[in-house]
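Everything on this sheet refers to the single structure shown next.
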Amino acid sequence: MKTINKLIEKVLSYNPKADVDQIKKAYIFSREAHCSQKRVEGSPYIHHPLAVADVLADMKLDTATIAAGLLHDTVEDTGTSTDDIKEMFGSEIAFLVDALTKLSRVEFKTREEAQAENFRKMLLAMSKDVRVILIKFADRLHNMRTIKHLSEEKRRRIASETLDIYAPLANRLGIGWLRIEFEDLSFKAVMPDLFGDLQKKVAKRKEEQYKYIDEVKNIISEKLSAAGIPAKVKGRIKHYYGIYQKMVQQKIPFEQVNDVIGLRIMTDTVSHCYDILGIIHSLWPLVPGRFKDFISLPKSNMYQSLHTTVVGPGGDRVEFQIRTEDMNEIAEEGIAAHWRYKERDGIDKKNSRFIAWLRELVKEISDATEFLEAVKGEVVPETVYVFTPNGDIKELPAGSTPVDFAYSIHTQVGHKCVGAKANGRIVPLRYKLNSGDAVEIITSPSHIPSRDWLKFVVTQRAKSRIKQWIKTEERKQSIELGTKLVEEEIRRHGLSLSILKTEKVDEVLKYFSHSFLEDLYVSIGYGKISAHQVVNRLAPEKTEKTEEMELPKLTKTPKEKGGVITIKGIDNVLYHVAKCCFPVPGDQIVGFITKGKGVTIHRKECSNLERLAVDIERLIDVEWSRDTDITSPTRLYIESIDKPGMLANLSSLISSADVNISSLKANSTHDKRALFELTLEIRNRSQLINLVNKISQMDGILNVRR
């Protein structure tokens, strides 16, 4: 059982100068605050903060962190305030405790939203002081170690969250032992039957495997001793979740997993690491594709080691990890090693690499749910290393594309990216980069980001920059559309635009829960509210009278040359033609205000309008411009008898009618019918009707429809 005396003894063993009085004081304060509380299994609640502090002591952390671990639940679960902690223990410990306190006083719509907001608060604090996440890791670890006392639903939820977020995050921060324990405890809680079965199978082979490890250890130790290379050799068997992942990824049963044995060799210098590698390869054949040099190319979490897999004695695969003692400390403890042995004031430049990615996310993303997804995306362990034209190395998540690479250089390089070369050859923007690729980005000053890029980019930096650009553009377009709709509605009711400068506007903004007129225009442009609703609030008496009058029909020719459609009384508004009905000049049409994309033009008989009719406020009058020679795309579906020459005759007839075919699809059926789908460039409805009549009169035509 954990006690305060054992905790202090452990802390003093690695930090003789620790402020023991501060730790004792924190323990007494926490014990008194939680005195009436018990854990689910019935034990006094103080056992939990004491266990958390004990984990932090195992990580050899400083006094303030140990004290904060003892106090971490006091503000959230008792009547204690952050000010009380600050008064008793100082601002440093108060900051750590507050960062770990959930936002219980804020109301959230869903549990997921609350979780995301709490997680963002914690990581925001972590970007300033990494000890916040170390305390949370210790808290989560003890909860996972005692998870059997919770209900099945709660066990699965907490374990899944640990597997999805905390284990990868521990890996990203370089704390290897913690990641492994998180993964195995979560695996056991989420898939208990599968875990139990795997545990039994591993146990059956364990004695035999440890004998094999000892055999390999003796062989390599003798060789290293003969070469005069100082080294410690440790054997291990891959952890349960690691074995399970290998089974899933390779789609093989446990019996075929043949490289669960691993040996770690620690030595004194980098040159000896490479000497040891040479000796191993001289003893046993290398498994192709399984050598990785993380010493010359360290991982983003500063992990360094040589990895190689060989075919060992008896034909079994053995994985070796070769590193120095310092590298081993970083590999096991990661960022936690920074706070070892002595009190420190902050993260130095070298260690700031651990959380540089997090600081970027905090700056870029304000939405909590999006932030949580971004963190999940950033903590994936697999990476590729690519080179810039100057020979600099860029580390990117596996699956990254040239667009991800472009945004990693600079936002404007990403925005202006039109193409890319990998190793001197042109590659698609969707191309997945491989380690060692030399990448060059081709840019154009006039180019803008594409929404389609979001379908294949993987880095959060690229995703957030593209979304930010799209959001800004959509907002601009919505402001423009919203402004024009309001101004026209004001004129339609015989009012002066000066009404927008009166105090009435403040009342309207308050009614629609907006602070600025620009935000109101955005809501109108997005179709959330209508211009009529706004004007009705601005001058209710005037609009009521005006509604009774029959308004004259307004027709304006668009200012921009080549415009085809006019929104009644408004010039130069962003619109696009609906692909569900493809209206052409002469068709009866109506506009539908879409979110961030201006107005979509439909034929009045379009079947989709029935679905859209529930948002009747978003329907607006539109009309075709006069005297335009511009063609519009429309689609024809033609059914005919399947016979030779039908397609040639059809194409010839359409061409003779001075109509261009922009796309064509043709299929035949088992009952000797031919089905054609054509997209045509049509000037107006009359031309289309004449063409349909001519096609209908062709020999072999069964049906023609739009």
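Checking side-chain atoms of Ser662 against main-chain N and O of Thr679 turns up a donor-acceptor pair under 3.5 Å. Side chain of Thr669 to backbone of Arg673: a donor-acceptor contact under 3.5 angstrom is found. Distance alone, capped at 3.5 Å, is enough to place a donor-acceptor pair between the Asp184 side chain and the Tyr241 backbone. The backbone N or O of Gln687 sits less than 3.5 Å from a side-chain atom of Asn684, completing a donor-acceptor pair.
Inspection of the Ser652 and Asn649 side chains reveals no N or O donor paired with an N or O acceptor under 3.5 Å.
Contact detail for Pro402 and Ala420: the closest heavy-atom pair is CB-CB, 3.4 Å. Smallest separation of non-hydrogen atoms from Arg603 and Pro583: CG-CB, 3.5 Å. When all heavy atoms of Gly399 and Lys432 are compared, the closest pair comes out as O-CG, 4.0 Å. Across every non-hydrogen atom of Thr459 and Ser400, the tightest pair is CG2-OG, 3.8 Å. Closest approach of Trp453 and Ile466 over heavy atoms only: CB-CD1, 3.7 Å. In terms of heavy-atom proximity, Val577 sits nearest to Phe582 at CG1-CA, 4.2 Å.
Salt bridge annotation for Glu480-Lys484: present, with a cationic side-chain nitrogen under 4.0 angstrom from a carboxylate oxygen.
To the nearest 0.5 Å, the span separating CD1 on Ile654 from CD on Glu681 amounts to 12.5 Å. Here the CG atom belonging to Leu396 is positioned 9.0 Å from the OG1 atom belonging to Thr401, to the nearest 0.5 angstrom.
For Tyr637 and Phe676, the gap between ring centers reaches or exceeds 6.0 Å. Residues Phe187 and Tyr240 keep their aromatic ring centres 6.0 Å or farther apart. The aromatic ring centres of His447 and Trp469 sit 6.0 Å or more apart.
Remark: of the listed residues Arg465, Arg461, Lys463, His415, His415 is the sole one forming a side chain to side chain donor-acceptor pair (under 3.5 Å) with Tyr407.
Side-chain atoms of Lys694 and Leu653, non-hydrogen and from C-beta on, do get closer than 4.5 Å to each other.
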After noting the C-alpha distance and the side-chain angles of Asn693 and Ser696, does the key distance pass the side chain to side chain donor-acceptor pair (under 3.5 Å) rule? CA-CA 5 Å; Asn693 288 336; Ser696 300; 5.3 Å; no

